[in-house]
Engineer: 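Below you'll find the structure I mean.
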Amino acid sequence: MHHEETFTDRNVSEQSAYYYVDIESYPTTGWDKFKQVVKRTFSGELFVGLWVVMREMIKFDIHTVQYPLEKLPIGPRYRAVHKLLRLWESGYERCIGCGLCEKICISDCIRMDTKIDENSRKEVTEYSINLGRCIFCGYCAEVCPELAIVHGDRYENGSEQRAHFVIKDDMLTPLDMLKAGQQSEYPGFGAIIPGSDAAVKKTPLAY
Amino acid sequence: MINFTINGQPVSANKGETILQAARKAGFYIPTMCYLEKTTPCASCRLCVVETDKTEGLILSCQTPPTEGLGVIIDSDRLQTERTNIMRLYDVNHPLECGVCDKSGACDLQNKTLEFGVSAQHFSAKDQHRAIEHWGLINYDPSLCILCEKCVHVCNEIIGDDAIELQFGGYKSSVIPKNSDTLDCTFCGECIAVCPVGALVSSNFQYSANAWELTQIPATCVHCSAGCSLHYEVRHTSNALGGESKIYRVTNDFEHTTLCGAGRFGFDFDQQSEKDEAEFDKAVAALQNASAIRFSSMITNEEALILQRIKEKLGIKLYNEEARAYQSFMNAYSSVSGKAGFGGSLDAIKQSDGIIVVGGRISSDNPMVRYAMTTAARHNGAKVVYMHPIEDDLLQNVITQFVKYEVGTEEGVVAMLAKTLLENADIGDELQSYFKELDEGYLCAESNVGDEEYARILKTFARLKRKTLIIGSDLLNHKRAANIARLCAMIETHTEFSVVVVAPSVNTIGVSLICDLDADKGGEKVVGYNAPGDYTMGSFADSMLKLPSLNAQEGTFVSISHQVLPTNVAVAFNGYTLNDIANVFGIEAQYTIDYTAQLPRNRGFNGTKFDDLGNFFGTLGEDNRGYTLDNIDVEVSGSLEEVETLPEFNGSVVYRCNPINQFNGYTQKTSQLEKDTTLRGSSQFAAAAKIGDGDKIRIEFPQGTQERIFKLDPTLKGTIALVPAYDVGFGVLNEQYRFEKVKIMRMGSES
Ligand code: SF4
Ligand code: SF4
Ligand code: SF4
Ligand code: SF4
Ligand code: SF4
Ligand code: FES
């Protein structure tokens, strides 16, 4: 009857390639410590490192990502700053204001205001996440029944303040972007489980 | 006691108790969907079915009393199947709306659906469009309604409005307003409270917050002397609005308590303030120079005690005419009864089989007294006599005898009533001759109440067992209040009647017990606390020093049932409190509630600390709110005076009487309650005063004039019009006799 995901154990197994790093034991006596300092000071290790950098520079074969001009694509399951999505067909906001994300949020950083609109539907008037508190756990995206709140791909959230809010307008797909087909679905947290359709129970109809 | 067994275990039930009640008391769980402790069984859900060893079929435990030796089984495979099928039927086409529904998280249908594991729809029925109804403060969504009938039962049996009914039509059945297109009722909102699903909801609250986000603050309603138990449900607002805490709605423990509309919808009367030192110093200076403090009874016991201490310390006077009238009434009363307080209570009214109400418009003065009367009438078939100069449409389906007397003749009426009720009592020669010497002919003629009315009362009440006399607040401010009080006390002392005096404001009784009040002679330099004065402080917009309103304070009130009831802070207040001022004068306490334990023991308070007071009802309805005041013995010294010449009120007479759900300056501030400020009168009144519906009028009272609109009220009869008091000054109703001879002038028409 009810759907179950096959459980793959992600823990490292016993056969996996653990190996121990050979670490010299720490000096204990004063004399030994002194000897270590002298050895490190005069061994010229510093120049080894400098030489490597110099050598690579001259080769002009640099693999460094030119951040912030250049950004690496991130994995679909990466949990970056949230987005609120719209329905593709109608352009309505997907969020129905159920408040489950607000409830589940482990760091209590989601706040929302809802009201009844002219059509007797629930309307979300305010929605904010305090990214300064958010731990990007993904629970909100996971619990959302409407695939409305998802983790997007914007991971830059440096701020000069501890509290740092994103509000509805920051997260919601603008209508023009939606029309231009620029809203992306996120296959990460909270996305529909593969094979969900098959698990839906059909209700008998009386028509 | 009836002894029977549940699942083989011995259980006993009192006479009149049902199997369900006995089971609950003994800690057995029987699922129900339509059961409401305070009404007669709706018997519509059939979830409470049980098996017995004496019946073949299943029986409804909610409406069947056990018989001696009965063996009841409350869980079996058969019952489980039966109940699961019921839940499956409830869920057919039920909208999958929990995501937005107001009830989600506190919904009986959700709970029971999960309890019985209904995870799919097995039956089908053609769904149909059912429009959502907007009934003012209430919205109704028929597609969520499970037709349990709880709303209909409370409205009829507890409230007495009888405003809704079930329209039967198979799958199309729904709740509809009775005899009307739209809901026309007193908007107590009790139907919202009892609705087990999200079908009936508060239109103001709908979709604004989820049940689990709200913190319930147990408190006491501040609008009238019933002191109902309520929960302020509080949440932070969004960041855009500052994230402050705000009251989103008021709920009640609806299985055991009831609220009127003012309590349920009139909660947003708080005001904010920061600490304004300059103003604080001005307030202290004003008090230092003051000759008196004038205050209202919308005050906690603790603050009343602080005022009393300030009075003692500074040697100034305390004015509160409303409480003083109550105080002198009760002093006269106890001088005869020998007890500091009257003996009745709201519970006593509910349990009565006979009720007499004299001198007050109960339905607007104290809705809970009205509901208690309705309950008594519906559940015990109580006989209700209503004596008043004005008929009350709302009491119509409760009262069995209406006695109309002339305005001002209350002393004569009460004297005749006492004579009637004491006729067969053993009252001693002196009293007997007092009553014998009453000039019956004169009293009956002047008050316009024939002796056949009294004869009828005598006949009705002779056979009754649990009787209550309700004294309305008209009598408190009557010129002859003291003698009326003594007459009433005679009735309580010498008959089976218990008496309830309908005190006007939330803490009139508390103030009357705690403060030494002085006659308000006006004068210079009066500081007003939620009352007029040369310097004013309090919780109103024009108060000079802002003090917290009653939903931002902790403290206690004394209710009409003589319970000392705690209330708690629902919204934070950042300004000063009365206690801060008292501290300046060396009346030291860290918190206002430090005074709870110091409330005067010689007046019946028992010294319990605030933090030790409970404020909840047990699962079986045990009242764990505060404590009950001791009814102290006092010296019996009073004797009856002769009835004075009965006054006459001719010409235009108005009666100070608030519209339903309006009580005071607080209810006036709230956003949801209707604010009718018109003078309401009958066509007879209009004709006599030569005014018409919608006319702008000026009313000249002895104390001043008011300008209002006149509204023709088809439910009123007679020559007395109703004038509101909640919108005048601080909204005190009972500072003087409620009837007044006035001059009315037409100033033009509204349009
Ligand atoms: S990611 Fe986690 S912490 Fe952040 S808003 Fe969502 S639930 Fe809260
Ligand atoms: S869980 Fe999803 S639908 Fe519900 S309030 Fe949050 S974002 Fe909106
Ligand atoms: S009434 Fe209860 S079951 Fe129905 S939608 Fe509302 S919460 Fe869900
Ligand atoms: S409106 Fe609510 S209380 Fe009334 S019958 Fe429907 S479900 Fe029951
Ligand atoms: S106004 Fe009176 S009757 Fe109404 S809820 Fe408040 S205390 Fe109860
Ligand atoms: S509780 Fe008995 S029928 Fe509903």
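Reminder, nothing fancy here: chain letters follow the sequence lines and each chain counts from 1.
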Engineer: Is any side-chain heavy atom of A:Ser120 closer than 4.5 Å to one of B:Gln206?
Structural biologist: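 No, their side chains stay 4.5 Å or more apart.
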
Engineer: Using a 4.5 Å cut-off on heavy atoms from C-beta on, say whether the side chain of A:Asp113 contacts that of B:Arg235.
Structural biologist: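 B:Arg235 reaches A:Asp113 side chain to side chain.
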
Engineer: What part of B:Gln121 lies closer than 4.5 angstrom to a heavy atom of chain A: side chain, backbone, both or neither?
Structural biologist: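 Both parts, backbone and side chain.
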
Engineer: Please look at A:Tyr127 and chain B and tell me whether the side chain, the backbone, both or neither of the residue comes under 4.5 angstrom of a heavy atom of that chain.
Structural biologist: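 Neither; nothing under 4.5 Å.
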
Engineer: Side chain, backbone, both or neither: which part of B:Asp141 has a heavy atom under 4.5 Å from chain A?
Structural biologist: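 Nothing of B:Asp141, per the 4.5 Å heavy-atom cut-off to chain A.
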
Engineer: Only one of A:Arg111, A:Glu102, A:Met112 clears side-chain contact (heavy atoms from CB on, under 4.5 Å) with B:Glu213; which?
Structural biologist: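 Output: one option passes, namely A:Glu102.
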
Engineer: Count the heavy atoms of every other residue, nucleotide or ligand shown that sit under 6.0 Å from CZ of A:Arg55, and state whether that count exceeds 12.
Structural biologist: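 Atom CZ in A:Arg55 is packed in, count exceeds 12.
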
Engineer: Can you give me the closest heavy-atom contact between B:Val100 and A:Ile96, atom names plus distance?
Structural biologist: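 Shortest heavy-atom contact: CG1-O, 3.3 Å.
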
Engineer: Could you tell me whether A:Leu46 atom CG has more than 12 heavy atoms of other residues or ligands within 6.0 Å of it?
Structural biologist: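 Correct, the count exceeds 12.
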
Engineer: Evaluate salt bridge (charged side-chain N to carboxylate O under 4.0 Å, His left out) for B:Asp102 paired with A:Lys122, printing each intermediate quantity in order.
Structural biologist: CA-CA 10 Å; B:Asp102 272 357; A:Lys122 197 171 193 171; 5.5 Å; no

Engineer: If you draw a 6.0 Å radius around OH in A:Tyr92, do more than 12 non-hydrogen atoms from other residues or ligands fall strictly inside?
Structural biologist: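 No, because the 6.0 Å sphere around OH of A:Tyr92 holds 12 heavy atoms or fewer from other groups.
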
Engineer: Within a radius of less than 6.0 Å around CD of B:Glu674, do more than 12 heavy atoms belonging to other residues, nucleotides or ligands occur?
Structural biologist: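 Open: at most 12 neighbouring heavy atoms sit under 6.0 Å from CD of B:Glu674.
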
Engineer: Rounded at 0.5 Å granularity, tell me how far OG in B:Ser104 sits from CG in A:Leu100.
Structural biologist: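 Going from OG on B:Ser104 over to CG on A:Leu100, the span is 7.5 Å.
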
Engineer: Is it the side chain or the backbone of B:His122 that comes within 4.5 Å of chain A heavy atoms, both, or neither?
Structural biologist: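 The backbone, not the side chain.
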
